[in-house]
Novice: 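If you scroll down you'll find the structure; I have some questions about it.
Quick note: residue numbers are just sequence positions, from 1.
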Amino acid sequence: MEEINSIRPLLAVLVSLLVTPMLASAKSPNIREAWTFAAAGTKLLIILSMLPLVMDGKSFVFTVLEVIPSVPLAFKVDAMGMLFALVSSSLWIVTSVYSIGYMRGLNEHAQTRYYCFFALALSATIGVAFSANLFTLYLFYEMLSLTTYPLVTHHQDAEAKSSGRKYLLYIMGTSIGLLLPAMMISFMASGTLDFSPGGFLTGKVSPGLAWALLFLFVFGFAKAGIMPMHSWLPAAMVAPTPVSALLHAVAVVKVGVFCILRTVTGVLGTGFMSSLDMGVVLGYVASFTVLTSSLIALSQDGLKRRLAFSTIGQLSYIVLGAALLSPKGLTGSLMHIGMHAFGKITLFFCAGAIFVATGKQYISQMKGLGRTMPITFGCFFVGSLSVIGLPPCGGFISKWTLLMGTLESHQTVFLIVFLVSSFLNACYFLPIVYQAFFGEPGEGLQVGSLRPQIKESPRWCLVPICIAAAGSLFWFFHPTPFVDLARLAVVQIGMTP
């Protein structure tokens, strides 16, 4: 793979970091939000400028400095990182629009602080996507934990503070207690932390140590939500909905599974893992999370909590796809990062819009609400179809590829897990839509039989919802960018898609 030395990866990381002083010192909300859009647009343009050459099989590299011998702070833009960066940076723009309607609509306090830490979190996310080695990835992983803590505790009440403590305990406790030792052991065994197509630990560690490192990495990357390291995610739903939407449907949680994908493909290596049957064990761990979280989601009345447990299961879809150690399994995992992001962010946006317009947070309160908020619940239906994995939404494409991955690797049990989980997805999403449109109106709802009073959320909330839902539909008919980048990433790690 030809490497192009360029500062563009560093600029993509820094642009939202450098804008924070302007956000903090902005004299009006309009100026503050203009700086947010300027940074988001610039970040996306920098990333897009690298896309054509990455699609040609080239990569962009840039070394900032060598922190310790053989361990530099360095960036490398390959197909895998590009896919994740494109999803995160494009949806940041949509979420920034949504944030205006949500934060202003509820007259939230400390909005400047909110936008500042949001920008810092996106810098950390792109830093993870473009990391050339495990050391750089670890630094930005920790940066993301620290910059999202103020967002989780935004409301600053007792519940927010308690959730924030749980968030840090799980996210940073595991990274310091499990991930850091794993990284140190890996460096001692191999003399490098640079991601390698065959895995830089292949042939460098004994089978016993390889097994230990696998579990240190998988549970150390607690942002992936693998049970039992998952409780932080439902607790973090106390954050404002835009935080839940981007950081807990796209950035934070996807950083966790992205790091596991890097571990499987660039640290341990798919061939080495396959020789030790590691994939099967990791698959069972992920399957337990997929099914258990889906069953728990069925019992949740809080809409955001139901979405949170759904997210936990969908993240393990990605881990399970990687555990198949097959070309189609890995392709499906990478595609699902993008397809799930569009579907789930639509659902979170809808949950926030419902709260802004009506103050309702519980599913039991939403009977008949679809007749007063038809656009919101129509988009909720689209997002649900995508997460369930039904056409005509992009989630169908990624789930189909994952199913093909189970057949390619001859793992019928994991095929059954995917199918059962998709059925459970339908069980906890579709009744919400049905009750919203056809259920008897709840207390306080004015719904006439023929001409219901329409009361949608503010336009700044509604437009992003429609854009996200349209994205879910668009990727079903035009999935080429995700498909091509995912297949190229599989080629770059030494497999044939």
Side-chain angles (χ1 to χ4, degrees), residues 83-84 86-88 90-91 94-95 98 241 244-246 248-251 253-254 257 290 293-294 297 303-304 306-318 320-321 331-354 370 375-404 418-434 436-437 462-483 485-486:
L83 188 153
F84 183 35
L86 278 174
V87 172
S88 301
S90 59
L91 288 177
V94 181
T95 306
Y98 181 86
T241 299
S244 302
L246 185 67
H248 297 153
V250 183
V253 294
K254 292 303 181 354
V257 292
V290 167
S293 61
S294 298
L303 181 54
K304 284 179 68 176
R306 183 170 294 192
L307 294 178
F309 280 102
S310 169
T311 297
I312 293 169
Q314 295 292 319
L315 294 175
S316 284
Y317 273 51
I318 298 170
L320 179 52
T331 302
S333 288
L334 289 165
M335 289 170 57
H336 203 59
I337 287 177
M339 300 302 190
H340 172 257
F342 276 85
K344 187 54 64 69
I345 205 170
T346 302
L347 297 176
F348 272 113
F349 280 172
C350 291
I354 294 165
I375 298 175
T376 298
F377 277 93
C379 291
F380 189 95
F381 179 59
V382 172
S384 298
L385 290 180
S386 188
V387 175
I388 294 167
L390 294 175
C393 294
F396 172 78
I397 306 295
S398 57
K399 283 199 176 183
W400 177 266
T401 309
L402 286 167
L403 291 174
M404 293 301 101
F418 280 129
L419 294 176
V420 171
S421 174
S422 294
F423 173 74
L424 293 174
N425 296 163
C427 289
Y428 62 66
F429 277 138
L430 296 184
I432 299 174
V433 180
Y434 178 83
F437 282 108
L462 199 60
V463 171
I465 292 172
C466 295
I467 292 173
S472 290
L473 294 169
F474 178 82
W475 295 126
F476 175 79
F477 297 100
H478 302 280
T480 304
F482 290 139
V483 173
L485 281 170

Novice: Got more than 12 heavy atoms from elsewhere within 6.0 Å of CZ, Phe381?
Specialist: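 Open: at most 12 neighbouring heavy atoms sit under 6.0 Å from CZ of Phe381.
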
Novice: At their closest point, which heavy atom of Ile397 faces which heavy atom of Trp475, and how far apart are they?
Specialist: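 That closest heavy-atom pairing would be CG1-O, 4.3 Å.
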
Novice: Looking at Arg306, Lys254, Lys344, His340, which one forms a side-chain hydrogen bond (donor to acceptor under 3.5 Å, both in side chains) with Thr311?
Specialist: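 Testing each of Arg306, Lys254, Lys344, His340 against Thr311, the sole residue satisfying side-chain hydrogen bond (donor to acceptor under 3.5 Å, both in side chains) is Lys344.
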
Novice: For the pair Ser386 (side chain) and Gly395 (backbone), establish whether a donor and an acceptor sit closer than 3.5 Å, ignoring hydrogens and angles.
Specialist: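 Such a contact is found between Ser386 side chain and Gly395 backbone.
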
Novice: If we ignore angles and hydrogens, is there a donor and acceptor under 3.5 Å between the side chains of Lys304 and Ser244?
Specialist: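 A donor-acceptor contact under 3.5 Å links the two side chains.
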
Novice: Tell me, do Phe84 and Leu485 make a side-chain contact under 4.5 Å, heavy atoms counted?
Specialist: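 SC-SC contact between Phe84 and Leu485 ruled out.
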
Novice: With rounding to the nearest 0.5 angstrom, report the OG to CD distance, Ser421 to Gln314.
Specialist: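 It comes to 6.0 Å.
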
Novice: Are the side chains of Ser472 and Met339 in touch, meaning some heavy atoms are under 4.5 Å apart?
Specialist: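 In short, these two side chains do not touch, never coming nearer than 4.5 Å.
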
Novice: Could you go through Val250 and Val87, starting from their C-alpha distance and side-chain angles, then the distance that decides it, and tell me whether this counts as side-chain contact (heavy atoms from CB on, under 4.5 Å)?
Specialist: CA-CA 8 Å; Val250 183; Val87 172; 4.0 Å; yes

Novice: Going by the angle between their ring planes, with limits at 30° and 60°, are Tyr98 and Phe349 parallel, tilted or perpendicular?
Specialist: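 Aromatic pair Tyr98/Phe349 classed parallel.
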
Novice: If I take atom CG from residue Leu473 and atom CG from residue Leu385, how far apart are they, to the nearest 0.5 angstrom?
Specialist: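 Result: 8.5 Å between the selected atoms.
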
Novice: Looking just at side-chain N and O atoms, do Tyr317 and Ser398 make a donor-acceptor pair shorter than 3.5 Å?
Specialist: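 No donor-acceptor contact under 3.5 Å links the two side chains.
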
Novice: What I want to check is whether the side chains of Tyr428 and Ser310 have a donor and an acceptor closer together than 3.5 Å.
Specialist: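 A donor-acceptor contact under 3.5 Å links the two side chains.
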
Novice: To the nearest 0.5 Å, what is the distance between CG (Leu402) and CZ (Phe418)?
Specialist: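 Here the rounded value is 4.5 Å.
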
Novice: Using a 4.5 Å cut-off on heavy atoms from C-beta on, say whether the side chain of Asn425 contacts that of Lys399.
Specialist: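 They are in side-chain contact.
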
Novice: Is the backbone N or O of Val290 less than 3.5 Å from a side-chain atom of Ser293, with the two atoms forming a donor-acceptor pair by type?
Specialist: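 Checked: pair present.
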
Novice: Do the side chains of Leu91 and Phe342 get nearer than 4.5 Å, heavy atoms only?
Specialist: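 Phe342 vs Leu91: side chains touch.
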
Novice: Could you measure the distance from the CG atom of Leu390 to the CZ atom of Phe396? Nearest 0.5 Å is fine.
Specialist: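 Between Leu390 CG and Phe396 CZ, I get 8.5 Å after rounding to 0.5 Å.
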
Novice: Roughly how far, to the nearest 0.5 Å, is the CD1 atom of Ile345 from the CD1 atom of Ile467?
Specialist: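 It comes to 11.0 Å.
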
Novice: Do you know which two heavy atoms are closest between Ser422 and Ile388, and how far apart they sit?
Specialist: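 Distance-wise, the nearest heavy atoms are OG-O, 3.5 Å.
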
Novice: Let me see the working for Ile312 and Phe309 under side-chain contact (heavy atoms from CB on, under 4.5 Å), right down to the final yes or no.
Specialist: CA-CA 5 Å; Ile312 293 169; Phe309 280 102; 3.9 Å; yes

Novice: Can you check whether Thr346 reaches Val382 side chain to side chain, under 4.5 Å on heavy atoms?
Specialist: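 No - every pair of side-chain heavy atoms lies 4.5 Å or more apart.
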
Novice: What closest approach, in Å, do Leu83 and Ala486 show between heavy atoms, and which atom pair accounts for it?
Specialist: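 Minimum heavy-atom separation between Leu83 and Ala486: CD1-N, 4.0 Å.
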
Novice: Can you measure from CG (Leu462) to SG (Cys379) and round to the nearest 0.5 angstrom?
Specialist: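 These two atoms lie 7.0 Å from each other.
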
Novice: Side-chain contact test, heavy atoms from C-beta onward, threshold under 4.5 Å: evaluate it for Cys350 versus Phe377 and give yes or no.
Specialist: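 A side-chain contact under 4.5 Å is absent here.
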
Novice: Do Leu303 and Ile432 have side chains that approach each other closer than 4.5 Å (heavy atoms only, starting at C-beta)?
Specialist: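 Leu303 vs Ile432: side chains touch.
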
